[in-house]
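Comments concern the structure below.
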Amino acid sequence: HPVHDWTALVASGVSFVGIKATEGNTITDRSLVAHRDGARQQPLDLVIYFHFARSGDPVYQAARLLGAVGPLKPFERLCLDLEVLPDDPGSVLGWVDAFYARLQRAYPATRQLIYTSKRIWDSFGSPAWPRASRGDVALWAPRYNASGNEPAVPAPWSAWNIWQWTDGGEHGPA
């Protein structure tokens with residue numbers, strides 16, 4: 001959702017935000033620059049820029065994310081939003097690994113994130129992934145519910161790092 005008033009957002013108690021940056025081979029979110037610049041002017045603990053995965057070259061898509069966001073500030077991280085699988089589910093782990101290898105070359109000491117669910121990870125065989133089991137890539141897991149039940153954690157993570165229980169809202173006039 002668009003943020004029109006960053007001051008009101010932070011005043012409401014928000015301490016971190018996720019900002020869509022890029023998608024697939026060609027899409028850059030039209031609000032990215034405004035959102036990035038607005039977030040950087042606030043006392044946020046964490047800003048996550050995410051790339052929505054689509055079929056295509058993962059190294060190219062990672063480079064697009066890096067280029068669109070520009071140099072990261074110390075409180076910023078990058079994330080792959082893995083909800084829609086590439087064309088060949090059998091090659092997803094290789095695709096994801098190549099994407100993160102490119103991010104790691106740019107930011108070798110920074111722990112990035114992945115947004116995915118157990119259902120999605122299981123849909124391509126619930127593979128072991130050393131970057132996850134070593135803790136190199138943190139898990140941002142969705143579970144929208146009012147019950148308070150935590151999200152199921154896909155293998156190979158042992159726990160979620162961020163639990164998203166809503167898709168947010170808008171702050172300020174449009």
Original post:
Between Y107 and P71, which heavy-atom pair has the shortest distance, and what is it?
Top reply: OH-CA, 3.3 Å
Original post:
In chain order, what residues pass the ring pair (Phe, Tyr, Trp, His ring centres under 6.0 Å) check against W129, with sequence neighbours excluded?
Top reply: Y100, W121, W157
Original post:
Rounded to the nearest 0.5 Å, how far apart are CG of L9 and NE2 of H4?
Top reply: 11.5 Å
**OP:** Please examine the side chains of T7 and Q42, heavy atoms only from C-beta on, and report whether any two atoms are closer than 4.5 Å.
**Re:** yes
Original post:
Would a 4.5 Å heavy-atom cut-off, applied to side chains only, mark R77 and T110 as touching?
Top reply: yes
Subject >> Gap between atom CG of L44 and atom CH2 of W6 - 0.5 Å precision >> reply: 6.5 Å
Subject >> Smallest separation among heavy atoms of E83 and F52, with atom names >> reply: OE2-CE1, 3.6 Å
Original post:
At what distance, to the nearest 0.5 angstrom, does CG of L65 lie from CG of L78?
Top reply: 5.0 Å
Original post:
side-chain contact (heavy atoms from CB on, under 4.5 Å) with A106: which residues, sequence neighbours excluded?
Top reply: L66, R102
Original post:
Looking only at heavy atoms, what is the nearest atom pair of A132 and P156, with distance?
Top reply: CB-CG, 3.5 Å
Original post:
Yes or no on side chain to side chain contact (heavy atoms under 4.5 Å, CB included) for F99 and L82, after CA distance, side-chain angles and deciding distance?
Top reply: CA-CA 11 Å; F99 184 91; L82 185 62; over 6 Å; no
Subject >> R134, CZ atom: more than 12 neighbouring heavy atoms under 6.0 Å >> reply: yes
Subject >> Point-to-point distance, once rounded to the nearest 0.5 Å, from CD1 of I48 to CG of L113 >> reply: 5.0 Å
**OP:** Check step by step if side chain to side chain contact (heavy atoms under 4.5 Å, CB included) holds for V137 and L80.
**Re:** CA-CA 10 Å; V137 177; L80 178 65; over 6 Å; no
**OP:** Report yes if some heavy atom in the side chain of T22 is under 4.5 Å from a heavy atom in the side chain of Q61; otherwise report no.
**Re:** no
Original post:
Taking atom CZ of R111 as the centre, does the number of heavy atoms from other residues, nucleotides or ligands within less than 6.0 Å exceed 12?
Top reply: yes
Subject >> Heavy-atom pair of closest approach, residues V3 and H35 >> reply: N-NE2, 3.1 Å
Subject >> Point-to-point distance, once rounded to the nearest 0.5 Å, from CZ of F124 to OG of S126 >> reply: 8.5 Å
Subject >> Backbone of P154 reached by a side-chain donor or acceptor of W160 within 3.5 Å >> reply: no
**OP:** State, yes or no, whether a side-chain contact exists between D37 and V33 at a heavy-atom distance under 4.5 Å.
**Re:** yes
Subject >> Donor + acceptor pair across side chains of R64, T28 (<3.5 Å) >> reply: yes
**OP:** Report yes if the side chains of V96 and T116 come closer than 4.5 Å at any heavy-atom pair, otherwise no.
**Re:** no
Subject >> Spacing of NE2 belonging to H51 relative to CD1 belonging to I27, to within rounding of 0.5 Å >> reply: 9.5 Å
**OP:** Please report the shortest heavy-atom distance between R36 and V69, naming the atom on each side.
**Re:** NH1-O, 3.1 Å
**OP:** Say whether, by atom type as modelled, one donor and one acceptor occur between the side chain of S117 and the main chain of I120 under 3.5 angstrom.
**Re:** yes
Original post:
Given the rule in the side chain to side chain contact (heavy atoms under 4.5 Å, CB included) test, do L139 and K118 qualify, once you have shown the distances and angles that lead to the verdict?
Top reply: CA-CA 11 Å; L139 177 62; K118 183 176 183 341; over 6 Å; no
**OP:** Report the C-alpha separation of D29 and E23 in whole Å, then their side-chain angles, then the decisive distance to 0.1 Å, and conclude whether the side chain to side chain contact (heavy atoms under 4.5 Å, CB included) test is met.
**Re:** CA-CA 8 Å; D29 191 277; E23 178 176 337; over 6 Å; no
**OP:** Indicate if W140 and F16 have the same hydrophobic cluster label, given that clusters are the connected sets of ILVMFWY residues with side-chain heavy-atom separations under 4.5 angstrom.
**Re:** yes
Subject >> Distance-minimising heavy-atom pair for A159 and V153 >> reply: N-CG1, 3.8 Å
Original post:
Does any donor atom in the side chain of E76 or Y49 lie under 3.5 Å from an acceptor atom in the other side chain?
Top reply: yes
